[in-house]
Amino acid sequence: MIENATILTTEKPDIERIRNDFPILQTMVYGHQLVYLDNAATTQKPVQVLDTLEQYYREYNSNVHRGVHHLSQLATETYEHARKKVADFIHAKKTAEIIFTKGTTDGINLVASSFGKKYIKEGDAVVISAMEHHSNIVPWQIICEDRKAVLKVIPINEKGELLMNEYEKILRSFNVKIVAVTYVSNTLGTVNPVEEIIEIAHKNDIPVLLDIAQGIQHLPVNVEELDVDFAVFSGHKIYGPTGIGVLYGKEKWLNEMPPYQGGGDMIKTVTFEKTTYNELPYKFEAGTPDISGAIGLGAALDYVSSIGIPWIEEAEHELLLYALDALSAVKSLRSIGQAENRAASISFLVGNIHPFDMGEILDKQGIAVRTGHHCTQPLMDFYKIPGTVRASLSFYNTKEEIDRLVTCI
């Protein structure tokens, strides 16, 4: 457990106490108190994470797995303990199923490359959805082009919900080798029916990769209960450092897949004639890892656990409902995506105002939102718009901040 964490019990959490854990929230922007509503892009970091990173570099900075000296041993122990924290947080069966990556994009590329090289052949199909982030589109396009396979897309309705009957048709009509979909849309906030997606795929003996980058900070994720084959997320989306991410994979798949990269730590023996690969999880972790990032991610998961995902989910849902109601009073504002089941993210447009212009206007009033296509250009094409303004919420946001957003719009 991290030191000085905000430990909360059955009592209602003190929001001011929580906000004090995030120093950046006290920042002044153009003379206004910062209102940070860009949490889907990256979350802010609590002092517990910042202190953990500083402690590593001040007290036991060293490389891992390779040294017999004290600092290396301490760094290795703390690094591997962070892997255990990740496994426990997502309820993985084994720590060997946790691969540290650079982030969600890196994890998807790893699976697309390694799984694709092993299993995808000419005429096969890969299935994604119409609401995917570019990082869950482009890697599959690359492997499909390389293997002469086809990429099939689950369509959506105007509300931003998957057409599940079309999904089933695709599985019946093509030789699908893997389904790769997002748990929560980074643009629309739609929470997809991942249990059903996985169940239908498995009935057809098809593995599933879930992009949980926009879900893990909002919702409980249990990879064992979901029975998902692969899951990927980024540390910076869940109050941890940038540059660190996680690939969860079932042991049976990871053992069969070839390495994604070669180099130090992923080998057992090397000669000029042949290399034998290391055991899991190191088989997929070539080179010096992001040691501080992994340790910082462990601290972030400790922090989130100390508050509790159930409370976070409840608090953010309350904020979402409040924001939807408050924004509905703004003349000529239209929400893009109105799924019944959604996380705390709202994309919208106001009249004929370009989203970039709206973003700049709000910035001058101290309000940070995201504008543009949010790395989901095909989704913008579906709605026939250039982009949106996106306000994405965290448990450290308040109703007063939402009121400020509405007033400033």
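The first residue in the sequence is number 1, and the count goes up from there.
- Partners of Asp381 under the side chain to side chain contact (heavy atoms under 4.5 Å, CB included) rule, at least two apart in sequence or in another chain, do not exist in this structure.
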Decide side-chain contact (heavy atoms from CB on, under 4.5 Å) for Phe348 and Ile409; before the verdict, give the C-alpha distance in whole Å, the side-chain angles of both, and the deciding distance to 0.1 Å. CA-CA 11 Å; Phe348 62 89; Ile409 292 173; 3.7 Å; yes
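- Using a cut-off of 4.0 Å between Lys/Arg side-chain N and Asp/Glu carboxylate O, Asp227 and Lys250 are scored as salt-bridged.
- Between the side chain of Thr190 and the main chain of Gly160, a donor-acceptor pair closer than 3.5 Å is present.
- Considering only residues two or more places apart in sequence or on other chains, Tyr79 meets the ring-ring contact (aromatic ring centres under 6.0 Å, His included) condition with His65, Phe100.
- Rounding to the nearest 0.5 Å places CD1 of Ile216 at 4.5 Å from CD1 of Ile238.
- Checked for salt-bridge contact, Asp21 and Arg17 miss the test: no charged N lies under 4.0 Å from a carboxylate O.
- The pair Glu97-Arg83 does not count as a salt bridge, with every side-chain nitrogen at least 4.0 angstrom from each carboxylate oxygen.
- Each of Thr105, Thr104, Thr101, Thr43 was scored for a side chain to side chain donor-acceptor pair (under 3.5 Å) with Ser234, with one residue passing: Thr104.
- Note on Lys93 versus Glu251: no salt bridge recorded, every NZ/NE/NH1/NH2 to OD/OE distance being 4.0 Å or above.
- Remark: Asn165 CG is packed, more than 12 non-hydrogen atoms of other residues, nucleotides or ligands lying under 6.0 Å away.
- Phe230 pairs with exactly one of Leu110, Ile178, Val208, Leu210 by the side-chain contact (heavy atoms from CB on, under 4.5 Å) rule, that one being Ile178.
- Because its NZ or CZ atom is both nearer than 6.0 Å to the ring centre of Tyr30 and within 45° of the ring axis, Lys364 counts as a cation-pi partner of that residue.
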Show every donor-acceptor pair shorter than 3.5 Å between a side-chain atom in residues 119-127 and any protein atom, with sequence neighbours excluded, or say none if there are none.
unit_1: Tyr119; atom_1: OH; unit_2: Glu256; atom_2: OE1; d: 2.2
unit_1: Asp124; atom_1: OD1; unit_2: Asn175; atom_2: ND2; d: 2.6
unit_1: Asp124; atom_1: OD2; unit_2: Lys121; atom_2: N; d: 2.7
unit_1: Asp124; atom_1: OD2; unit_2: Lys177; atom_2: NZ; d: 2.9

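- Closest approach of Ala130 and Ile156 over heavy atoms only: CB-CG2, 4.1 Å.
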